[in-house]
Asks: 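What follows is a single structure, and I will ask about it in a moment.
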2 protein chains.
Amino acid sequence: MSRVRRTKQREAILNTILSAEGPLAVGQIHERASDELPGLGIATVYRALNLLLEEGKVVVVSLPGEERRYEAAGIGHHHHFRCSGCGGVFDLEVCPVGVPRGTRLPGGYTVEEHHLTLYGRCPACARG
Amino acid sequence: MSRVRRTKQREAILNTILSAEGPLAVGQIHERASDELPGLGIATVYRALNLLLEEGKVVVVSLPGEERRYEAAGIGHHHHFRCSGCGGVFDLEVCPVGVPRGTRLPGGYTVEEHHLTLYGRCPACARG
DNA sequence: CCTTTAATGATAACAATTTATCATTTATAT
DNA sequence: ATATAAATGATAAATTGTTATCATTAAAGG
């Protein structure tokens, strides 16, 4: 008996996420996947995202003060850049944080993880 | 003519924020200030916070995926530690981020600001 | 001590985001 | 090709967080 079916909606949604320059918000996913599949319902996007999360194919990315975004799972430790011009969020490869796991900070705080967001201008917005 | 009045509610709310170990969520502010002033309404907390923001006495702090928090203004550039044990958020003095303003990253991104959150165990939760 | 009116507390109203409902469509095993 | 039930799209409903409303309370200047 089959359980989960393969549909063009889910395919379009996953493709959108996999080909993105960084994590996307639900509205962005809906917009972009709708280009490929006009008429796509927003509820379908939410359902597909929850399924992809359960399957471990996608992870949630939260930036401070912003709505949830979604990006492909398995791209390892990385951080994000938020452009103050276009509002876009991009994956970065650099990790300029000098606090490895296990570091004990003054005050007695033991660091297990960190979350960094860089803000500034992306190349396209740099001249504007 | 007097404009803004000095009330015990606002005083309790500001005291709560000034004496906190880090930024507090609205609910926490309400709880703590209610200890000093039983019966305090949640709407009053919101109103006081908006006033304090306008006056520049308080600033908003957002951690990834969490509701807004509020802390005293004027404590300069700093970051936050979030304890995975008690859920508390604490101010840190360290800034272990090696990306000064103006840095140009590979990919052409120009950094203007950064936002760091460290996760781990606070001293009190370290043994638990 | 009065008077004025800003502030409060309770709660309804809003706004934004996510989930539930349900009739219809469609993937897929036979 | 057909039957079955998962998936979809439209929309209502539920959540969560914040603001507006309004009768009552209480700062604070005279």
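Here is the naming used below: chain letters follow the sequence lines, and residue numbers restart at 1 for every chain.
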Asks: Grab the CD-P distance between A/Gln9 and D/dA10 for me, whole Å please.
Replies: 11 Å
Asks: For the pair made of CZ in A/Arg5 and C1' in C/dA27, what is the distance, rounded to whole Å?
Replies: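 Distance, rounded to whole Å: 5 Å.
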Asks: Quick one: B/Glu67 CD to D/dT15 C1', roughly how many Å, whole number?
Replies: 14 Å
Asks: Do the side-chain N and O atoms of B/Glu71 and B/His78 include a donor-acceptor pair separated by under 3.5 angstrom?
Replies: yes
Asks: To the nearest Å, give me how far apart CD (A/Gln28) and P (C/dT17) are.
Replies: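 Spelled out: CD on A/Gln28 to P on C/dT17 is 12 Å.
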Asks: What residues in residues 34-56 of chain B put a non-hydrogen atom under 4.0 Å from any atom of DNA chain C?
Replies: B/Gly39, B/Leu40, B/Gly41, B/Ala43, B/Thr44, B/Arg47
Asks: Checking the side chain of B/Thr44 only, and the main-chain atoms of B/Leu40 only, is there a donor and an acceptor separated by less than 3.5 Å?
Replies: no
Asks: For residues B/Leu92 and A/Pro106, determine if any side-chain heavy atom of one lies less than 4.5 Å from a side-chain heavy atom of the other.
Replies: no
Asks: Taking the side chain as every heavy atom from C-beta outward, state whether A/Asp91 and A/Phe81 have any atom pair closer than 4.5 Å.
Replies: no
Asks: Is A/Glu21 salt-bridged to A/Arg32, cutoff N-O under 4.0 Å?
Replies: yes
Asks: Below 4.0 angstrom, N of the basic side chain to O of the carboxylate: do A/Glu66 and A/Arg82 qualify?
Replies: yes
Asks: Quick test of your reading of the model: are B/Glu112 and B/Arg101 salt-bridged, counting only N-O distances below 4.0 Å?
Replies: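 Salt bridge flag = no for B/Arg101 with B/Glu112.
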Asks: Between B/Glu66 (CD) and D/dG17 (C1'), how many Å, whole number?
Replies: 15 Å
Asks: Given atom CZ of B/Arg3 and atom P of C/dT5, what is their separation to the nearest angstrom?
Replies: 11 Å
Asks: At less than 4.0 Å, is any side-chain N or O atom of B/Arg10 found next to OP1 or OP2 of C/dA7? Yes or no.
Replies: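 Checking B/Arg10 against C/dA7: at least one side-chain N or O falls below 4.0 Å of OP1 or OP2.
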Asks: Between A/Thr7 and D/dT8, is there a side-chain N or O to OP1/OP2 distance below 4.0 Å?
Replies: yes
Asks: Going by atom types alone, do B/His114 and B/His79 pair a side-chain donor with an acceptor below 3.5 Å?
Replies: yes
Asks: At 10 degrees resolution, what angle do the end axes of the helix from C/dC1-D/dG30 to C/dT30-D/dA1 form when each is taken over five base pairs?
Replies: 40°
Asks: Atom CZ of B/Arg68 and atom C1' of D/dT18: how far apart are they, to the nearest Å?
Replies: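 To the nearest whole Å, that distance equals 9 Å.
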Asks: Just how far, in rounded Å, is C1' of D/dG17 from NE2 of B/His30?
Replies: 15 Å
Asks: Please tell me if A/Lys8 has a side-chain N or O lying less than 4.0 Å from either OP1 or OP2 of C/dA27.
Replies: yes
Asks: For a quick check under 3.5 Å, do B/Gln28 and B/Arg69 share a side-chain donor-acceptor pair by atom type?
Replies: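 Yes, a side-chain donor-acceptor pair sits under 3.5 Å.
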Asks: Has A/Arg6 got a side-chain N or O lying under 4.0 Å from the OP1 or OP2 atom of C/dT26?
Replies: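 It does not, given that no N or O in the side chain of A/Arg6 lies less than 4.0 Å from OP1 or OP2 of C/dT26.
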